[in-house]
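Before any comments, here is the structure.
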Amino acid sequence: MSRLKDLRVPIFWAEGHPGTLDRESWKIEISGFCKHPRIFTWPELAAMPKTIADGRLTSVTRFSVGGRWGGVKVSDILGAVGAGPEVRYVCFWSHRKIYDTSIPLDVAMREKTLLAYEFDAELLEEDYGGPVRAFVPYLWGYKSAKSIVKVELMDHYVAGFWEKRGYTDDAQIIAGKVRDMNQSGRLRPIPGGEVIKFLDE
Ligand SMILES: Nc1nc2c(c(=O)[nH]1)N[C@H]1C(S)=C(S)[C@@H](COP(=O)(O)O)O[C@H]1N2
Ligand SMILES: [Mo]
């Protein structure tokens, strides 16, 4: 069991569940417009400064879960590879490279945008995108690609898995009601944008 399981957070794998993934041998390739393209191994990522972002993953399917997401800032990764001036979008590729999604550089550089490997101090399991997933609390959850194997620094936008199937490219969170998984799935109203406060508080 895990905290995310305890909270009954839905598990989405549009491309099919990946099964067991090995954390110790996990690698993430950083490619595209940068001076030093490279591969980060799990030990290398785990040795980088850890950021804890208190934030919520909020799905267009209308659930939201908040907690302390731990990982490496995407901005730290971009710094480490010497991201070039050409970069305008950052594309995340999941295990098997069927699921992808891209976010604008300014969102990638924000403080809570992570390559996350923890939730509430527990390492992420496969169901929830372990060993390492994107965490982008500013946009709908489909931008938070799970079990990432590749990050591509791009000079243009390419629609990803869900964007090609009709979800918006900008993934702006729209006001309305979502199920708050921290409160047993109770429907609660949110304003637009990153979910920091519910409106009924
Ligand atoms: N590889 C992959 N990543 C993914 C998805 C997916 O289907 N496959 N679903 C996305 C969507 S729509 C949401 S809302 C979140 C859900 O995260 P969870 O399954 O950990 O709750 O993951 C995102 N990342
Ligand atoms: Mo979603």
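Counting starts at 1 for both ligands and their atoms, in listed order.
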Worksheet item: Distance-only, no hydrogens or angles: does the Ser94 side chain make a donor-acceptor pair with backbone N or O of Lys97 under 3.5 Å?
Response: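 Not at all, since once roles are kept as given, no pair shorter than 3.5 Å links the two residues.
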Item to complete: Please tell me if the side chains of Leu124 and Leu4 come closer than 4.5 Å, counting only heavy atoms from C-beta onward.
Response: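 Yes. Closest side-chain heavy atoms under 4.5 Å.
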Worksheet item: Any side-chain heavy atom of Arg56 within less than 4.5 Å of one from Asn182?
Response: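 Yes. Closest side-chain heavy atoms under 4.5 Å.
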Table please: side-chain donor-acceptor pairs of residues 98-108 below 3.5 Å, with sequence neighbours left out.
{"residue": "Tyr99", "atom": "OH", "partner": "Tyr142", "partner atom": "O", "Å": "2.9"}
{"residue": "Asp100", "atom": "OD1", "partner": "Phe161", "partner atom": "N", "Å": "3.1"}
{"residue": "Thr101", "atom": "OG1", "partner": "Glu163", "partner atom": "OE2", "Å": "2.6"}

Worksheet item: Can you check salt bridge (Lys or Arg N to Asp or Glu O under 4.0 Å) on Glu122 and Lys5, steps first, answer last?
Response: CA-CA 12 Å; Glu122 292 175 350; Lys5 279 257 161 71; over 6 Å; no
Nearest protein heavy-atom contact for [atom]: which residue, which atom, what distance?
atom	answer
atom 12 (S) of ligand 1	Tyr142 CB, 3.6 Å
atom 7 (O) of ligand 1	Ala14 N, 2.7 Å
atom 8 (N) of ligand 1	Glu15 OE1, 2.8 Å
atom 19 (O) of ligand 1	Lys146 NZ, 2.5 Å
atom 20 (O) of ligand 1	Arg133 NH1, 2.8 Å

Which atoms of ligand 1 sit under 4.0 Å from any heavy atom of [X]?
X	result
Ala145	3 (N), 24 (N)
Phe63	21 (O)
Ile11	19 (O)
Val9	21 (O)
Leu57	17 (O)

Worksheet entry | Nearest-option assignment for atom 15 (C) of ligand 1, heavy atoms, candidates Gly141, Pro10, Ser64 |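 Minimum heavy-atom distance to atom 15 (C) of ligand 1 goes to Gly141.
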Item to complete: Between Trp162, Phe135, Phe161, Tyr99, flag the one that comes closest to atom 10 (C) of ligand 1 by a heavy atom.
Response: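 Result: the heavy atom closest to atom 10 (C) of ligand 1 is in Tyr99.
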Worksheet item: Is Ser59 close to ligand 1, meaning an N/O of one under 3.5 Å from an N/O of the other?
Response: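 So ligand 1 has no N or O lying under 3.5 Å from an N or O of Ser59.
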Worksheet item: Between Ser144 and ligand 1, does any nitrogen or oxygen pair lie at a separation below 3.5 Å?
Response: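 Among all N and O atoms of Ser144, at least one is under 3.5 Å from an N or O of ligand 1.
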Fill in: Intermediate values then yes/no, side chain to side chain contact (heavy atoms under 4.5 Å, CB included), Tyr89 and Val158
CA-CA 9 Å; Tyr89 290 93; Val158 174; over 6 Å; no
Worksheet entry | Heavy-atom closest pair, residues Ile173 and Glu194 |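 Heavy atoms only, the tightest pair is CD1-CA, 4.3 Å.
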Discussion item. Ring-plane angle category for Trp162 and Tyr167, please: parallel below 30°, perpendicular beyond 60°, tilted otherwise.
Written reply: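 The arrangement is parallel - the two ring planes meet at less than 30°.
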Practice prompt. Determine the sole option in Leu45, Val149, Thr41 for which the side-chain contact (heavy atoms from CB on, under 4.5 Å) test with Trp26 is passed.
Written response: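 Testing Trp26 for a side-chain contact (heavy atoms from CB on, under 4.5 Å) against Leu45, Val149, Thr41 leaves exactly one candidate, Val149.
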